[in-house]
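Comments concern the structure below.
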Amino acid sequence: MRLLSRFAAARPSATIRGISTSCPRLSDALFVHRDTEYNNPKIPFEFTSENIRTAEEIISRYPQQYKKAAVIPLLHLAQRQNKGWTSISVMNYVAKFLEMPPMRVYEVATFYTMFNREPIGENFVQVCTTTPCMLRGSTDILRTVCDHLGGVKPGGTSEDGKFTVIEVECQGACSNAPMMVVNDDFYEDLTPETTKKVLDAFAKGGKPKRGPQSGRQTSENSASLTALTSKPYGPGEFCLPEFQ
């Protein structure tokens with residue numbers, strides 16, 4: 001103790017660090033359920049007869065003692081039936097269907113962002129803003145989407161209920177950046193003008209052609225074909241004569 005006291009006394013006060021803490025950003029959006037008029041256990045939910053057959057087919061892919069492993073595809077199936085979002089009734093129903101504790105289903109639904117915990121619009125717009133898309137102008141694409149839909153903010157739904165917009169990171173189409181996903185389809189090589197055209201088509205109840213909006217096919221080089229432009233050589237064509 002005496003040695004420590006001497007060390008503390010000899011230590012310059014300017015080098016002593018005070019304890020500091022950061023202000024935590026609290027959010028219960030993904031982790032905590034609060035009953036509301038539109039989301040509470042009293043609202044009934046069950047699979048349609050068609051989805052029951054689909055669910056049973058999915059469960060059959062797993063050993064009987066491990067059927068709880070089907071929780072993710074069944075939640076996804078239920079979310080599609082429930083107009084694109086996963087309510088507490090959906091989670092409770094899936095838990096009962098798989099004969100597993102509801103808490104285990106809650107854990108899955110609150111961990112994966114693919115499960116929407118709040119109602120969404122008719123069209124779910126996910127704008128990618130990760131590094132490759134950002135370098136190709138995704139900031140302008142996100143701004144165009146929000147402005148064109150009446151000033152909706154990321155995470156919000158347009159006033160007419162037709163569009164919900166969120167900002168996501170990496171949807172796996174980096175070579176075709178910038179891009180966005182609307183419902184189940186990728187729309188790539190976007191510009192502000194083509195982005196508006198895609199949104200307008202969905203607003204009218206249509207479904208524009210998915211994929212690159214620049215005219216190129218899939219992920220081909222934007223400078224046109226640069227490889228495999230000549231006839232491929234056959235086996236042994238460039239071997240020494242004695243090996244031909």
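Here, residue 1 is the first one in the sequence, and each next residue gets the next number. Computed from a predicted structure; not experimentally measured. Just so it is clear, the values below take in all heavy atoms, side chains as well, and ignore hydrogens, waters and symmetry mates.
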Val71 side chain reached by Met100 side chain, heavy atoms, under 4.5 Å:
yes

Are Val182 and Val168 linked, directly or through intermediate hydrophobic residues, by side-chain heavy-atom contacts shorter than 4.5 Å (ILVMFWY only)?
no

How long is the gap from CD on Gln126 to CE on Met180, to the nearest 0.5 Å?
11.0 Å

Can you tell me how far CD of Gln171 sits from CZ of Phe186, rounded to the nearest 0.5 angstrom?
5.5 Å

OG1 of Thr129 to CD1 of Ile141: how many Å apart, nearest 0.5 Å?
12.0 Å

Verify, without hydrogens or angle tests, whether Thr164 (side chain) and Gly121 (backbone) share a donor-acceptor contact under 3.5 angstrom.
yes

Where do Pro208 and Tyr187 come nearest, in terms of heavy atoms and distance?
O-OH, 3.1 Å

Measuring only between side-chain heavy atoms, which start at C-beta, is Cys146 closer than 4.5 Å to Leu142?
yes

Is Lys197 salt-bridged to Asp200, going by a charged N under 4.0 Å from an acidic O?
no

With a 4.5 Å cut-off on side-chain heavy-atom distances among I, L, V, M, F, W and Y, is there a chain of contacts connecting Trp85 to Val32?
no

Would you say that Ser87 contacts Ile43 through its side chain, given a criterion of any heavy-atom pair below 4.5 Å between the two side chains?
no

Is the shortest heavy-atom distance from the side chain of Phe124 to the side chain of Thr157 under 4.5 Å?
no

For Glu107, does the CD atom sit with more than 12 other heavy atoms under 6.0 Å from it, leaving out its own atoms?
yes

Heavy atoms, side chains only, cut-off 4.5 Å: are Tyr112 and Leu75 in contact?
no

Can you tell me how far SG of Cys174 sits from CZ of Arg136, rounded to the nearest 0.5 angstrom?
12.0 Å

To the closest 0.5 Å, what do you measure between CD (Gln79) and CE (Met91)?
10.5 Å

Group every Ile, Leu, Val, Met, Phe, Trp and Tyr by side-chain heavy-atom contacts under 4.5 Å, then state whether Phe111 and Met103 land in the same group.
yes

So do the side chains of Phe115 and Ile72 get within less than 4.5 Å of each other, counting heavy atoms only?
yes

Look at the aromatic rings of Phe97 and Tyr93 and report parallel, tilted or perpendicular, splitting at 30° and 60°.
tilted

Walk me through it: do Val125 and Leu199 pass the test side chain to side chain contact (heavy atoms under 4.5 Å, CB included)?
CA-CA 9 Å; Val125 182; Leu199 296 175; 4.3 Å; yes

Okay, side chain of Asn123, backbone of Ala203: is any donor-acceptor separation there less than 3.5 Å?
no

When every non-hydrogen atom of Ser175 is compared with those of Arg216, the smallest separation belongs to O-NH2, 2.8 Å

Could you tell me whether Glu46 atom CD has more than 12 heavy atoms of other residues or ligands within 6.0 Å of it?
no

Where the side chain of Thr144 meets the backbone of Asp140, is there a donor-acceptor pair that is under 3.5 Å apart?
yes

Tell me whether Lys68 at atom NZ has more than 12 heavy atoms from other residues, nucleotides or ligands lying less than 6.0 Å away.
no

Side chain to side chain contact (heavy atoms under 4.5 Å, CB included) between Lys196 and Val198, worked out:
CA-CA 5 Å; Lys196 293 176 184 178; Val198 170; over 6 Å; no

I would like to know whether Tyr106 and Ile88 meet side chain to side chain contact (heavy atoms under 4.5 Å, CB included); could you show each step before the answer?
CA-CA 8 Å; Tyr106 303 160; Ile88 188 70; 3.7 Å; yes

Considering all heavy atoms, the nearest Ser158-Asp160 contact
OG-OD1, 2.6 Å

For the student: nearest non-hydrogen atoms of Asn51 and Phe47, plus distance
CB-CD2, 3.8 Å

Check: Gln81 side chain, Phe45 main-chain N or O, donor-acceptor pair, under 3.5 Å
no

Please evaluate residues Ile59 and Leu98 with respect to the criterion side chain to side chain contact (heavy atoms under 4.5 Å, CB included), reporting the C-alpha separation (whole Å), side-chain torsions for both, the decisive distance (0.1 Å), and the verdict.
CA-CA 9 Å; Ile59 293 173; Leu98 293 175; 3.7 Å; yes

May I ask you to say whether Arg53 pairs ionically with Glu50, meaning some side-chain N is under 4.0 Å from a carboxylate O?
no

Any chain of hydrophobic side-chain contacts (each under 4.5 Å) joining Tyr38 to Ile120?
no

Exercise: identify the closest heavy-atom pair between Gln213 and Lys209
NE2-O, 3.0 Å

Quick check: closest heavy atoms across Arg117 and Asn39, and the distance to 0.1 Å?
O-ND2, 4.1 Å

Counting only N and O atoms by type, is there a donor-acceptor contact under 3.5 Å from the side chain of Glu118 to the main-chain atoms of Asn116?
no

Could you tell me if the side chain of Val145 sits less than 4.5 Å from the side chain of Phe163, heavy atoms only?
no

Return the CZ to CG distance between Arg80 and Asn183, rounded to the nearest 0.5 Å.
9.0 Å

Do Met114 and Ile166 belong to the same hydrophobic cluster, where Ile, Leu, Val, Met, Phe, Trp and Tyr are linked whenever their side-chain heavy atoms lie under 4.5 Å apart, directly or via other members?
no

